[in-house]
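Numbers here simply count residues along the sequence, with the first being 1. Both counts, for ligands and for their atoms, begin at 1 and track the order of listing.
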Amino acid sequence: MTKRFLQALQGETLNPPPMWLMRQAGRYLPEYREIRSQATNFLHFCYTPDLAVEVTLQPLRRYAFDAAILFSDILVIPDALGQKVEFVSGQGPQLEPIKNEAQLEATLDLSNLHQHLAPVYETVRRLSQEIPDTTALIGFAGAPWTVATYMVEGKGSKNYEDVRSVAYSDPAFFQRLIDMLVESTSMYLIEQVHRGAECLQVFDSWAGVLSEQQFYKWSIEPMARIVERVKAVHPNVPIIGFPRGAGPLYEAYIRETKVDGIGLDHTVPLEWARDVLQPLATVQGTLDNLLLVAGGEQMEREVARILEILGQGPFIFNLGHGIVPQTPPEHVERLCALVRGEA
Ligand code: CP3
């Protein structure tokens, strides 16, 4: 049984390349909205294996992607550590912010982590039995920096001023928070592999707001420690890092963290990625998620350009960031045909 997605992560060049889409389960699919309407509380939905398994499988039925990604959220980690996390419809996540060491000590605790996340592990176990045998199962977590932005700001942010300020003004507190996230995220990912995840992706969606020095300290260093810990237990599991917006620092990120795969956002110049990054890791990306919304000839041309430039080496087709709710499902179908050469 060969899984094309895993072959690509081992460094093989495949034609056509394997493909999946970040956030491939979600509100752009009517069958997702139907199931989602049965649960008022989004976290509860993530912690109900029957529902989480079903929505993970939905996009596979339509599009036969080469990989399935566990349905959960990056904010289950702060929730499992004891921080109050809520998803308010129309407003995104809301957390009771943690701004200093005293609040951290009073709130966060690693001791119930596995117990709290047991339903997610059960979802992984069931998925590993239920997905088609040519489909790979991806487990995931948020990277410490990106998860910390929500924990400190208390919500999604535009410019991340609070968290970037506190990382400068109270580095002892911030380091302690990052260390707890390295620890809990490593435990979480290791357990997902135990239950059947065949690959791991770590989402550092807000890495692009960090200065060069801070990028090394808060994105690269914590990720290097996570990769080291996971590989100490599961040496063969491939790991994909996605430091969105890292620009020229993508190269250092790959070299220092030793990831097997690198998720590229839509701003990365493709020829540079081919020449500099692809020799170091399997590259994944890079279609602009809003071009998938627009569709049409512009999208067709860009897909052809991506395949032409990145398709000559180890490559996994994906978007440059998660699929958005306004995406027409027919455009996803068209994209699959284009990548698979069936168009
Ligand atoms: O299909 C998949 O990719 C699997 C599931 C998945 C979700 N979130 C489900 C979800 C994954 C991999 C994530 C990751 C995630 N969550 C990230 C990193 C990736 C990225 O897009 O940058 C981040 C930053 C989050 C945090 C988060 N979760 C936000 C900001 C929001 C609200 C905004 C939004 O998109 O609705 C969520 C909620 C969320 N997570 C939804 C889904 C399907 C929508 C909630 C709903 O259905 O009501």
Side-chain angles (χ1 to χ4, degrees), residues 19-48 51-63 65 67-79 83 85-95 120 123-124 127 131 135 137-151 153-158 160 163 185 188-189 192 197 199-209 240-246 263-266 284-285 289-290 318-327 332:
M19 77 180 290
W20 69 286
L21 302 180
M22 290 186 279
R23 308 285 293 264
Q24 64 193 21
R27 284 170 298 181
Y28 75 107
L29 290 177
E31 60 270 34
Y32 172 87
R33 296 195 298 269
E34 169 68 30
I35 298 221
R36 175 70 181 85
S37 65
Q38 294 171 27
T40 47
N41 178 322
F42 179 70
L43 279 177
H44 181 73
F45 181 50
C46 293
Y47 296 140
T48 308
L51 301 181
V53 167
E54 172 57 23
V55 297
T56 304
L57 298 175
Q58 284 175 344
L60 302 182
R61 294 189 191 116
R62 275 186 190 246
Y63 307 116
F65 291 125
I69 183 161
L70 161 70
F71 190 84
S72 179
D73 196 79
I74 64 167
L75 299 180
V76 299
I77 288 288
D79 186 56
Q83 188 171 13
V85 180
E86 272 179 335
F87 285 82
V88 181
S89 78
Q91 287 178 54
Q94 309 272 323
L95 297 81
V120 180
T123 301
V124 174
L127 282 170
I131 59 172
T135 309
L137 180 59
I138 305 172
F140 78 93
W145 162 255
T146 287
V147 174
T149 66
Y150 290 96
M151 295 177 80
E153 301 263 345
K155 56 183 177 350
S157 171
K158 284 251 178 316
Y160 301 92
V163 64
T185 304
Y188 180 47
L189 292 172
Q192 290 183 40
C199 167
L200 299 169
Q201 175 154 323
V202 179
F203 289 85
D204 210 350
S205 303
W206 311 122
V209 304
I240 301 172
F242 177 50
R244 193 170 73 91
L264 306 180
D265 62 78
H266 72 267
Q284 173 178 282
N289 55 357
L290 298 183
N318 206 317
L319 302 175
H321 195 195
I323 197 164
V324 290
Q326 67 270 33
T327 306
V332 179

Atoms of ligand 1, numbered as shown, that sit under 4.0 Å from any heavy atom of [X]:
X      : answer
His321 : 20 (C), 21 (O), 22 (O)
Ser205 : 18 (C), 19 (C), 20 (C), 22 (O)
Pro93  : 29 (C), 30 (C), 31 (C), 32 (C)
Phe140 : 11 (C), 12 (C)

| message | Walk me through whether Tyr47 and Val76 qualify under side-chain contact (heavy atoms from CB on, under 4.5 Å). | response | CA-CA 9 Å; Tyr47 296 140; Val76 299; 3.5 Å; yes

For [Y], does its backbone N or O pair with a side-chain atom of [X] as donor and acceptor, under 3.5 Å?
X      : Y      : value
Gln83  : Met151 : yes
Asn318 : Trp20  : yes
Gln24  : Ile323 : no
Thr146 : Ser205 : yes

| request: Return yes or no for this condition: an N or O of Arg36 is under 3.5 Å from an N or O of ligand 1. | output: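 Among all N and O atoms of Arg36, at least one is under 3.5 Å from an N or O of ligand 1.
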
Top protein contact for [atom], by heavy-atom distance:
atom                    : answer
atom 14 (C) of ligand 1 : Ile74 CG2, 3.7 Å
atom 37 (C) of ligand 1 : Phe87 CE2, 3.4 Å
atom 10 (C) of ligand 1 : Phe42 CZ, 3.3 Å
atom 26 (C) of ligand 1 : Asp73 OD2, 3.7 Å

For [X], is the nearest heavy atom under 4.0 Å from an atom of ligand 1?
X      : value
Val55  : no
Tyr150 : yes
Ala25  : yes
Tyr32  : yes

| query | Salt bridge between Glu31 and Arg62, side-chain N to carboxylate O under 4.0 Å? | reply | yes

| query | Any salt bridge between Arg61 and Glu54, counting N to O under 4.0 Å? | reply | yes

| field | From Arg23, Gln24, Arg244, Gln91 - option closest to atom 42 (C) of ligand 1 by heavy atom | value |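 Heavy atom nearest to atom 42 (C) of ligand 1 belongs to Arg23.
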
| query | If you round to the nearest 0.5 Å, how far is CD of Gln201 from CG of Leu70? | reply | 12.0 Å

| task | Specify whether Trp206 and His321 have parallel, tilted or perpendicular ring planes, treating 30° as the upper limit for parallel and 60° as the lower limit for perpendicular. | result | perpendicular

| task | Tell me, with the steps shown, if Tyr150 and Val163 meet side-chain contact (heavy atoms from CB on, under 4.5 Å). | result | CA-CA 9 Å; Tyr150 290 96; Val163 64; over 6 Å; no

For [X], which part has a heavy atom under 4.0 Å from ligand 1: side chain, backbone, both, or neither?
X     : answer
Ser72 : backbone
Leu70 : backbone
Arg27 : side chain

| said: Checking Phe71 against Leu127 for the side-chain contact (heavy atoms from CB on, under 4.5 Å) test, could you report, in this order, the C-alpha distance in whole Å, the side-chain angles of both residues, the deciding distance, and whether it holds? | reply: CA-CA 10 Å; Phe71 190 84; Leu127 282 170; over 6 Å; no

